[in-house]
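Have a look at the structure below, then the notes.
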Amino acid sequence: MADASDDAKDIEKLYEYGERLNEAKDKSQNVEDYKNIIALATSTNIKARQLAAQLIPRFFKFFPGLSGTAVDAHLDLCEAEELGIRVQAIRGLPLFCKDTPEHIPKIVDILAQLLIAEENVERDAVHKALLSLLRQDVKASLTALFKHIESVDEPIADDNRERTLIFIRDKVFPIKSELLKPQEQMERHITDLIKKSLQDVTGAEFKMFMDFLKSLNIFGDKAPTERVQELIEIIESQADLDAQFDVSDGDHIDRMTSCLYMALPFFLRGASSSKFINYLNKNIIPVFDKLPEERKVDLLKNLAECSPYSTPQDSRQILPSVVQLLKKYMPIRKTGEEMNFTYVECLLYTFHHLAHKAPNATNSLCGYNIVTGQPSDRLGEDFSDLYKDFTERLKCVEELAKATMKKLTQGMAQQNKTMATAKSDEEKANIKIQKQNATTGLRTCNNILAMTQPLHSKSPSFIGDKRINLSWKEAVKTVAPSNNAAGVKRAASTTNGSGNNGNKRGRGGGSNQLVHRAFEGISHGGGGGGGGQQGRGWGRRGRGRGRGYY
């Protein structure tokens with residue numbers, strides 16, 4: 001009974017101290033009352049400690065000399081065993097900054113550490129407290145919050161880092177228009193914070209940050225080219241385009257290919273593709289044969305899609321490598337081996353767009369006779385053997401494409417008959433997939449024929465416009481801008497219908513498959529998306545360039 005009486009007295013004392021402080025005109029004279037409130041934060045009575053958690057931050061600003069002692073006592077309440085005490089203490093944390101904003105960085109740091117709370121009510125209190133401070137001083141709060149993502153100066157626990165990322169993604173980014181004011185100044189500030197955080201990220205995290213940056217007004221549709229170029233430079237840095245290339249480094253190949261895919265819509269907006277083009281030319285295409293088969297098709301598709309945006313100088317430099325690769329996959333005669341129609345479609349498309357910008361470069365590569373009046377025309381030299389070889393390959397490709405189209409058309413007719421008699425849903429689904437494959441194959445072959453036909457001329461007109469719609473892309477429609485990884489929705493890609501396996505992994509599901517697979521990693525509410533083996537999506541975060549990307 002004595003213990004219960006003492007507990008009751010603790011509550012009475014707290015009310016007494018609080019009442020005196022409320023009534024005092026010069027509260028700083030009641031320092032003993034505030035000290036006693038702090039002391040009772042260790043009471044054995046749960047309600048007394050909850051009351052202390054309310055009173056300590058309420059009168060905090062009046063006793064700067066006790067600030068350290070008060071915060072320490074309050075932090076102990078935040079770590080109490082009783083959930084009710086912890087929640088009350090967390091709710092009181094923003095009050096430490098209401099009239100003393102200099103404490104915001106420290107309190108945000110404390111709250112970020114508390115994001116790992118497992119109880120929903122407790123985590124909700126942390127979220128609300130952080131949002132309150134973000135609304136009070138967004139710059140100071142964001143700066144403190146992002147320190148739990150930047151793990152350069154000191155290690156950050158992975159679970160705390162991930163919970164911070166999830167909070168930023170789910171709670172901060174959606175209300176950016178409310179928080180980021182003045183707009184341009186604060187959008188620039190959060191951009192700088194994100195740039196610092198990208199030194200060590202997983203694929204899911206990188207996509208999340210890039211999607212957010214794209215949504216900012218400073219990088220919007222009306223942004224000048226230099227702003228768009230800034231986004232490209234962020235992607236280039238992530239792609240490690242200054243690193244020595246090692247063909248056995250699958251992580252780098254995946255990262256570079258996916259980053260090129262993410263860069264495509266920015267090339268469309270006027271950013272330079274030179275660094276990617278030159279890296280492909282010097283490092284990737286020369287060892288194309290040594291790349292993993294499942295990476296080749298993604299690389300060629302990305303190369304095809306960025307070729308319309310290459311400069312004349314870059315086009316001239318990379319054309320020899322592209323022509324050499326094109327000849328490799330365009331047989332000079334029927335050998336009985338399967339031709340990879342997807343590779344040929346990609347390379348023909350790339351060839352046309354590059355040659356359109358540097359037409360006379362094809363004179364010494366394919367034996368054409370294109371006159372521009374420049375010394376690079378090399379009209380006095382005999383390249384007739386090259387022309388004969390190139391056009392014979394074109395004829396062989398055309399014959400194979402026409403034969404394949406005939407088989408695909410016949411196959412589709414048979415599939416229609418089979419569908420009519422199919423009984424099970426599984427059987428119907430399989431037939432539907434076969435028809436989709438055949439349709440994609442027909443689109444591929446039609447594109448190949450459309451691109452080979454003009455190349456038989458001694459002075460061909462190269463295709464440099466949008467008349468060819470690549471087989472893996474949807475028909476061009478007027479749609480609202482999307483927020484996917486590269487701003488362009490891709491149609492489901494299947495095998496090219498010829499029976500080869502070169503495209504079996506392709507770009508299914510409406511996006512580059514590498515990006516799609518890698519970017520599933522960030523979870524909703526804690527815990528990695530990698531089945532518990534490697535954490536966040538792309539594998540373990542390393543330091544600097546040592547991260548596992550896929």
Side-chain angles (χ1 to χ4, degrees), residues 41 46 49-58 60 67 70-151 154-176 178-180 190 193-194 197 205 208-209 212 522-529 535-536:
I46 293 176
R49 293 166 75 191
Q50 285 179 298
L51 183 55
Q54 295 179 47
L55 297 174
I56 289 173
R58 183 183 301 173
F60 175 76
S67 61
V71 170
D72 286 345
H74 200 84
L75 290 184
D76 287 340
L77 294 173
C78 291
E79 297 175 350
E81 290 186 10
E82 296 81 7
L83 177 62
I85 295 174
R86 296 201 304 273
V87 170
Q88 185 63 59
I90 290 166
R91 288 171 179 166
L93 283 172
L95 297 176
F96 284 102
C97 312
K98 187 175 180 181
D99 297 292
T100 50
E102 64 271 19
H103 293 291
I104 286 178
K106 181 174 183 178
I107 299 302
V108 170
D109 177 67
I110 292 165
L111 285 165
Q113 294 177 55
L114 294 173
L115 282 168
I116 60 173
E118 293 300 328
E119 296 288 344
N120 288 337
V121 66
E122 184 178 3
R123 193 161 60 243
D124 184 59
V126 175
H127 290 174
K128 289 178 179 177
L130 279 169
L131 289 171
S132 173
L133 293 174
L134 282 161
R135 290 185 173 99
Q136 180 181 341
D137 187 336
V138 64
K139 186 173 184 179
S141 297
L142 283 175
T143 303
L145 198 57
F146 268 82
K147 287 184 177 176
H148 287 260
I149 302 171
E150 307 161 17
S151 48
E154 58 184 71
I156 302 293
D158 274 0
D159 54 350
N160 177 232
R161 182 180 182 279
E162 184 170 353
R163 288 295 180 90
T164 305
L165 279 164
I166 291 168
F167 173 77
I168 290 172
R169 181 196 66 190
D170 294 347
K171 303 296 182 181
V172 177
F173 286 174
I175 57 172
K176 65 179 186 296
E178 174 192 342
L179 292 178
L180 300 181
I190 198 170
L193 290 174
I194 287 172
S197 302
E205 294 162 6
M208 178 189 76
F209 283 131
F212 176 73
I522 204 162
S523 61
H524 290 266
R536 290 180 294 278

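Sequential numbering from 1 along the given sequence is applied to the chain's residues.
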Heavy-atom pair of closest approach, residues [X] and [Y]:
X      : Y      : answer
Leu145 : Val108 : N-CG1, 3.8 Å
Cys78  : Ile90  : SG-N, 4.1 Å
Pro57  : Gly92  : CB-O, 3.4 Å

Quiz item: So which pairs with a foot in residues 132-146 pass salt bridge (Lys or Arg N to Asp or Glu O under 4.0 Å), sequence neighbours left out?
Solution: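 Output for this query lists Arg135-Glu178.
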Exercise. With sequence neighbours excluded, give me every salt bridge (Lys or Arg N to Asp or Glu O under 4.0 Å) pair touching residues 83-96.
Key: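 Qualifying pairs: Arg86-Glu122.
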Practice problem: Dump the intermediate steps for side chain to side chain contact (heavy atoms under 4.5 Å, CB included) on Leu165 and Phe209, then the final yes or no. | Solution: CA-CA 10 Å; Leu165 279 164; Phe209 283 131; 3.6 Å; yes
Tell me every residue that passes salt bridge (Lys or Arg N to Asp or Glu O under 4.0 Å) with [X], counting only those two or more places apart in sequence or in another chain.
X      : result
Asp109 : none
Glu119 : none
Glu102 : none

Rounded to the nearest 0.5 Å, what separation is found between the [atom1] atom of [X] and the [atom2] atom of [Y]?
X      : Y      : atom1 : atom2 : result
Leu131 : Ser141 : CG    : OG    : 10.0 Å
Arg163 : Leu114 : CZ    : CG    : 12.0 Å
Leu77  : Leu93  : CG    : CG    : 9.5 Å
Ile116 : Arg123 : CD1   : CZ    : 11.0 Å
Ile168 : Leu115 : CD1   : CG    : 9.0 Å
His74  : Gln54  : NE2   : CD    : 10.0 Å

Practice problem: Inspect the contact between Glu205 and Arg169 and indicate whether a charged nitrogen and a carboxylate oxygen are less than 4.0 angstrom apart. | Solution: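 Looking at Arg169 and Glu205, the cut-off is not met.
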Quiz prompt | Heavy-atom side-chain contact between Leu142 and Leu179 under 4.5 Å | solution =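 Side chain of Leu142 against side chain of Leu179, heavy atoms only: no contact under 4.5 Å found.
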Qualifying residues under side-chain contact (heavy atoms from CB on, under 4.5 Å), relative to [X], sequence neighbours excluded:
X      : value
Lys128 : Asp124
Pro174 : none
Ile46  : Gln50, Glu82, Ile85
Gln136 : Cys97, Pro101, Ile104, Leu133

Exercise. Go through the steps to decide whether Val172 and Phe212 satisfy the test side chain to side chain contact (heavy atoms under 4.5 Å, CB included), and finish with yes or no.
Key: CA-CA 11 Å; Val172 177; Phe212 176 73; over 6 Å; no
Quiz item: For Phe60, which residues count as a ring pair (Phe, Tyr, Trp, His ring centres under 6.0 Å) partner, sequence neighbours excluded?
Solution: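 For Phe60 the ring pair (Phe, Tyr, Trp, His ring centres under 6.0 Å) partners, ignoring immediate neighbours, are Phe96, His103.
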Self-check item: ring-ring contact (aromatic ring centres under 6.0 Å, His included) partners of residues 114-141, not counting sequence neighbours, each pair once
Solution: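 Only His127-Phe167 qualify under ring-ring contact (aromatic ring centres under 6.0 Å, His included).
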Quiz item: Taking only residues two or more places apart in sequence, or in another chain, which ones meet Thr164 in a side-chain hydrogen bond (donor to acceptor under 3.5 Å, both in side chains)?
Solution: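 Listed in chain order: nothing, the list is empty.
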